[in-house]
Number of protein chains: 2
Amino acid sequence: MVEKKRGTRGRRPKKTGEAGGDELALTRARVVSTAIEILDRAGPAGLTMRGLAEALGSGVMSLYWHVKSKEDVLDLALDTVLEYRAPAGGSEQDWRGQVTSMLEDWRAIMLRHPWSATLLPSRTLGPNTLVRLESLSQGLSKAGLSDADINAAIWSLWNYVMGATVTRASFGPPDADRAASLQRLAELGARFPAIERSRLLLDDDWDGTFKKGLGFLLDGLAAQH
Amino acid sequence: MVEKKRGTRGRRPKKTGEAGGDELALTRARVVSTAIEILDRAGPAGLTMRGLAEALGSGVMSLYWHVKSKEDVLDLALDTVLEYRAPAGGSEQDWRGQVTSMLEDWRAIMLRHPWSATLLPSRTLGPNTLVRLESLSQGLSKAGLSDADINAAIWSLWNYVMGATVTRASFGPPDADRAASLQRLAELGARFPAIERSRLLLDDDWDGTFKKGLGFLLDGLAAQH
DNA sequence: ACCTGAACACCGTTCAAGT
DNA sequence: ACCTGAACACCGTTCAAGT
């Protein structure tokens, strides 16, 4: 009853040059990057410190030398994924182009790592998030908005992307039938005539919808001249 | 080592008319509503099936008669909180008013239960969420948008509110100093001149910013005539 | 129909210890 | 400086059983 699963990954002496990648030194960077791999594959619920250690070929508690806690791992993974390298010469670009390309890059990254959209709301803004806010801020300063409007504009765009990504992630490709079953519900009750008519829940041109909505918002900003 | 904490909440025979509220029958509705209380007080991490049972004065496993799993409890709590009763005569209202009041109600509710903003992205849309989408859909149909634009408009507004709430919840009143410390970071590095200048992170007029941004978006929609 | 405790298979993390 | 296993105090849920 107290027997332990030893199997293939019991302790063994370290051999240099061993195949498999297991022999690499444990580093903070390596911990974070395999955490990201696991998150991509299994989502936040699939990440455990025990599983992470196993994937790294180390004991569980070894992780705690490089990392403060599981929360810490999540914070680091999130900030790593959100990294943004502003394209060179961005400051000469027109504001709409600069803002749009940064936001689309942001959205694309979050969709590539869907867990990030789920996690971002509940944790601190990291340095890389600040880089994005700064780029947004600079872009909008060229839009001719009043000082009073500019912060509201930044947050509007931020919120829009955040919401779009989070919504998109919650539908997700794995369950196309979820939307279908909701649509059926909407039809059945006949309590939702407008949704039914526009087939809102079946529309899956996410990219187009994102672009169009962003256009609405930018139009609204431009209109404040 | 195997001793058990019996104390005040050990089994006792059911007495009718007993004081304290403990004697109420266990119902699905009661399970959900005390789950909401706990979520409000302690957040998603603070909700455990064991704690929930204790708050209800029942054994843990009794819950599973009324509820399928913890996930189920969260889904139910979320949909309960999101309930929307469209104001009478909404269909005669002008579209901007109808849309705005529904969205502000939605935002207010989510801010009153901050965990809901965190949870919504990762779970199914419930019936009550559909009611809100329907109201949005009906309101916008009066705005004179083309059929091609209307779904994009719905999702834009949805995304905006979602993002605004989620962002707001992630700052939260508990840590006004978090923003301050971020601002310090921004100043220190001098890598974020635009953020620093506008004092973006110190701005805490969330309500005003929300309204203004919503205005930008609605202006953009109106401009599509 | 409704409620129960014991037990199972997990978690994250503290600690005292090894090298 | 870096890594370790044992142990602690938790989880959600299955099960077989009670009324």
Side-chain angles (χ1 to χ4, degrees), chain A residues 1-7 9-16 18 22-32 34-35 38-39 42-77 119 122-123, chain B residues 1-7 9-16 18 22-32 34-35 38-39 42-77 119 122-123:
Chain A
M1 202 68 33
V2 198
E3 81 184 303
K4 286 198 278 153
K5 206 190 327 172
R6 279 212 142 257
R9 56 170 290 284
R11 281 313 95 231
R12 20 139 248 223
K14 254 186 209 169
K15 280 200 247 173
T16 50
E18 195 180 350
D22 260 358
E23 79 286 2
L24 271 64
L26 205 54
T27 63
R28 189 181 169 96
R30 226 158 75 75
V31 169
V32 172
T34 76
I38 295 177
L39 285 165
L47 180 70
T48 66
M49 296 302 273
R50 286 168 148 95
L52 182 51
E54 182 159 9
L56 287 159
S58 77
V60 200
M61 294 318 296
S62 314
L63 302 178
Y64 285 81
W65 179 260
H66 303 274
V67 121
K68 225 176 53 199
S69 66
K70 186 184 182 180
E71 292 283 289
D72 196 24
V73 175
L74 290 173
D75 283 339
L76 292 167
L119 252 40
S122 48
R123 33 206 73 248
Chain B
M1 207 50 58
V2 198
E3 81 182 304
K4 287 196 276 142
K5 208 194 318 178
R6 280 210 142 259
R9 57 169 289 284
R11 281 314 96 228
R12 19 138 247 221
K14 251 184 210 171
K15 281 199 248 175
T16 49
E18 194 181 351
D22 260 357
E23 80 286 2
L24 271 64
L26 206 52
T27 63
R28 190 181 168 98
R30 227 158 73 74
V31 169
V32 172
T34 75
I38 296 177
L39 285 165
L47 179 70
T48 67
M49 295 302 272
R50 287 167 148 95
L52 182 52
E54 183 158 9
L56 285 158
S58 77
V60 199
M61 293 318 296
S62 315
L63 303 178
Y64 285 82
W65 179 261
H66 304 274
V67 123
K68 226 175 53 199
S69 63
K70 185 183 181 180
E71 293 282 289
D72 197 23
V73 175
L74 290 173
D75 283 339
L76 292 167
L119 252 39
S122 48
R123 28 205 81 245

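Note: hydrogens, waters and symmetry copies are ignored here, and every other heavy atom, side chains too, is used. A, B, ... follow the sequence lines: proteins, then strands. Residue 1 opens every chain.
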Counting only N and O atoms by type, is there a donor-acceptor contact under 3.5 Å from the side chain of B:Arg28 to the main-chain atoms of B:Val67?
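No, the answer is negative, given that no donor and acceptor are paired below the 3.5 Å cut-off.
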
Donor-acceptor check, side chain of A:Arg50 to backbone of A:Val60, threshold 3.5 angstrom: yes or no?
no

Rounding to a whole Å, what distance do you find between [X]:[atom1] and [N]:[atom2]?
X       : N      : atom1 : atom2 : result
B:Glu71 : D:dC11 : CD    : C1'   : 14 Å
A:Leu63 : D:dC3  : CG    : C1'   : 10 Å
B:Met49 : D:dT13 : CE    : C1'   : 9 Å
A:Lys68 : C:dG12 : NZ    : P     : 17 Å
B:Leu56 : C:dC3  : CG    : C1'   : 13 Å
A:Arg28 : D:dA1  : CZ    : C1'   : 16 Å
B:Leu47 : D:dC11 : CG    : P     : 11 Å
B:Trp65 : D:dA16 : CH2   : P     : 16 Å

Pairing nucleotide - D:dG12, Watson-Crick or G-U, each distance under 3.5 Å
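Partner of D:dG12: C:dC8.
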
Pairing partner of D:dA1, by Watson-Crick or G-U wobble and under 3.5 Å for both distances, is C:dT19

What nucleotide among D:dG12, C:dC3, C:dG12 has an atom nearest to a side-chain atom of B:Ser62?
C:dC3

Pick the P atom in C:dA17 and in D:dC2, then give their distance to the nearest Å.
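Those two atoms are separated by 22 Å.
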
Looking only at atom C1', what distance separates C:dC3 and D:dA16, rounded to whole Å?
13 Å

At 4.0 Å (heavy atoms only), tell me whether [X] reaches a base, stays on the sugar-phosphate, or touches nothing.
X       : answer
B:Thr48 : sugar-phosphate
A:Met61 : base
A:Leu52 : nothing

Taking only the side-chain nitrogens and oxygens of B:His66, find out if one of them lies under 4.0 Å from OP1 or OP2 of C:dA1.
no

Within the structure provided, determine whether A:Val32 and A:Thr27 are in side-chain contact (heavy-atom separation under 4.5 Å).
no

Determine the minimum heavy-atom distance between B:Leu39 and B:Pro44, stating which atoms define it.
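Here B:Leu39 and B:Pro44 meet closest at CD2-CA, 3.6 Å.
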
Nearest non-hydrogen partners of A:Ala35 and A:Val73, listed with the distance
CB-CG1, 3.6 Å

